[in-house]
Each structure stands twice: as structure tokens, then as C-alpha cells.
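The structure appears below as C-alpha cells.
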Amino acid sequence: MPELPEVEALALDLRGRLTGRAITKVHVAAFSALKTYDPPLTAVEGTLVDDVRRHGKFLDIEASGLHLVFHLARAGWVRWKDELPPVPPRPSTKSTLAVRVVLDEADGLTPGLDVTEAGTKKSLAMSLVRSPADVEGISRLGPDPLDDAFTRDVLAAILESEGRKQIKGVLRHQGTIAGIGNAYSDEILHAARMSP
């Protein structure tokens, strides 16, 4: 499952690749991935990418005031393609492709992103919103551990306010601390020489 470090690295990579590029089309190959209907996906067509950010485990592609937000769930990932097929993807239960984001042509090629999800449990989510706070999961996030304001004192205050709750559960709760999941909570506790 992609957690904070992986999604942060992905956002940094995509920021360099996408900023200033136009989104020409968004194809949904797995209808279950689409979580919003207003604004419609056609609203993002022709917009320029201004930035790519991370909110906890959410990836946010900001384009001309709209936000294409992905939550990669357990088995999702974003793959950069220098050249996308000219034919739109067809919905298929056998394919891992959930969403394709097509960019403007460059050097005779049509690049873009394939958002994929392996496995049978399909929980990847894509939302097109006017503000990231319109995505319920983002609006409930706690402080971000990579933010400069997240200090040792902030962590101590969180742990004190959570009382005698299981430490692993406190670290994993997205409303308490954003972006830490099962794998990294175990790593943090191992480094601290504490039992999860």
C-alpha cells in the first residue's frame, strides 16, 4: 500500500513531469474508481496543470483551479507513459487499468498517466473537485508529519491526548496523523524499540 513517503515521491516526480502541461482527456476504465460527478470529468479537459501535491496518502493534481485527486488504496499506482495508445481503454474486469490521464502532445508523442489497481478488491478512488477539502478523506486529515510545524512537541501532545490507546492505532489513524499506514507504523515502532 502506498503510504506517505511513496506518495510524496510520486507527487514530486509528477510535479516535474506535469506542471505546465495540458490535460486533454481523462478516461475511466473502472467506473468504481470515480467518486464525484460535479464538476464532470470533461471540465478538466484543456486545463493546464499548475501543481501536484500530496495530502496524507492522497495525490492532488491541480489544474486551472480544479483538483484531480487520487487515493491509491491498497494496490493502486500511477505509471507514467511516454506514449499512450491512440484508442481509449475499454472497461474490463481483467485489466488493472482504472483511469488514464492523457496529456497534450509533445515531440510527436502523446504522453500521460495510467492509474492502475492490482487485485480483486477495488477501492482506488478518483475525485474531480474544486477544492481538496471537498474530498471527505482529506477534510478529516490530522497534521502531516513532513510539515515543518510537526515537531516532537506536537507528537508528544498527540500521544498525551490519545491516552492509553494502542500506539499503532494512534499512528495509523489518518485523523490523528496524516499519511502513516500499517507498514510505516510498524517501522516507526521498531525504530523506537516498541511493540506495535
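These figures come from a predicted structure and were not determined experimentally.
The distance from the OG atom of S185 to the CD atom of Q166 is 9.0 Å, given to the nearest 0.5 Å. Distance check: I180 CD1 to E3 CD gives 8.5 Å after rounding to the nearest 0.5 Å. Atom CG of residue L18 and atom CG of residue D50 lie 11.5 Å apart, to the nearest 0.5 angstrom. From L113, atom CG reaches atom CD1 of I61 across 5.5 Å, with rounding to the nearest 0.5 Å. Annotation: the span from R130 atom CZ to D38 atom CG amounts to 4.5 Å, rounded to 0.5 Å. If you take NE2 on H67 and OG on S127, they are separated by 12.0 Å, rounding to the nearest 0.5 Å.
A donor-acceptor pair shorter than 3.5 Å can be found between the side chains of T116 and R79.
Under a hydrophobic clustering in which Ile, Leu, Val, Met, Phe, Trp and Tyr are joined whenever their side-chain heavy atoms come within less than 4.5 Å, directly or via other members, V69 and L59 fall into different clusters. At a threshold of 4.5 Å between side-chain heavy atoms, the hydrophobic network of Ile, Leu, Val, Met, Phe, Trp and Tyr places F150 and L159 in one connected group. Under the 4.5 Å side-chain heavy-atom criterion for grouping Ile, Leu, Val, Met, Phe, Trp and Tyr, I158 is not connected to L4 through any hydrophobic cluster. Note on L146: it does not cluster hydrophobically with I177, by side-chain heavy-atom contacts below 4.5 Å among ILVMFWY residues. Both L66 and L34 sit in one connected hydrophobic cluster of ILVMFWY residues. Membership requires side-chain heavy atoms under 4.5 Å apart, directly or through other members.
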Q: Determine, stepwise, if the pair V78 / D114 fulfils side-chain contact (heavy atoms from CB on, under 4.5 Å).
A: CA-CA 6 Å; V78 178; D114 277 353; over 6 Å; no
(Q) Using side-chain contact (heavy atoms from CB on, under 4.5 Å), reason through R53 and F58 one step at a time and then give a plain yes or no. (A) CA-CA 8 Å; R53 289 188 222 130; F58 291 84; over 6 Å; no
Q | Worked check of side-chain contact (heavy atoms from CB on, under 4.5 Å) between V101 and F70 | A | CA-CA 12 Å; V101 179; F70 293 94; 4.3 Å; yes
(Q) Please evaluate residues L41 and M126 with respect to the criterion side-chain contact (heavy atoms from CB on, under 4.5 Å), reporting the C-alpha separation (whole Å), side-chain torsions for both, the decisive distance (0.1 Å), and the verdict. (A) CA-CA 10 Å; L41 279 180; M126 177 186 71; 3.8 Å; yes
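Under the 3.5 Å distance criterion, the side-chain polar atoms of D147 are matched with a main-chain donor or acceptor of A149. At least one donor-acceptor pair under 3.5 Å links the side chain of R15 to the backbone N or O of V52. Between the H173 side chain and the T176 main chain, a donor and an acceptor come within less than 3.5 Å of each other. The main-chain N or O of R54 is never found under 3.5 Å from a side-chain atom of K57 such that the two would form a donor-acceptor pair. Using a distance-only test at 3.5 Å, with no hydrogens or angles considered, no donor-acceptor pair links the side chain of R100 to the main chain of V28. Not one N or O on the side chain of K121 forms a donor-acceptor pair closer than 3.5 Å with the backbone of A118. Between the side chain of E117 and the main chain of L72, no donor-acceptor pair closer than 3.5 Å is present. Judged by distance alone, the side chain of E62 and the main-chain N or O of D60 form no donor-acceptor pair under 3.5 Å.
For the residue pair G76 and P2, the shortest heavy atom distance occurs at O-CG, 3.4 Å. Nearest heavy-atom pair across G20 and L48 is O-CD2, 3.8 Å. The two residues P111 and L109 make their nearest non-hydrogen contact at CD-O, 3.2 Å. The shortest non-hydrogen separation linking A63 to V44 is CB-CG2, 4.2 Å. Annotation for A178 and G142: closest pair CB-O, 3.5 Å, computed over non-hydrogen atoms. The nearest pair of heavy atoms linking R21 to A106 is NH2-CB, 3.6 Å.
Checked options T110, V102, L103, L84; the residue passing with K25 is V102 (criterion: side chain to side chain contact (heavy atoms under 4.5 Å, CB included)).
The closest side-chain heavy-atom distance from V26 to I23 is below 4.5 Å. You'll find the side chain of P91 stays beyond 4.5 Å of the side chain of F31, heavy atoms only. Put simply, the side chain of W77 reaches to within 4.5 Å of the side chain of E6, judged on heavy atoms.
Other residues, nucleotides and ligands place more than 12 heavy atoms under 6.0 Å from the NZ atom of K168.
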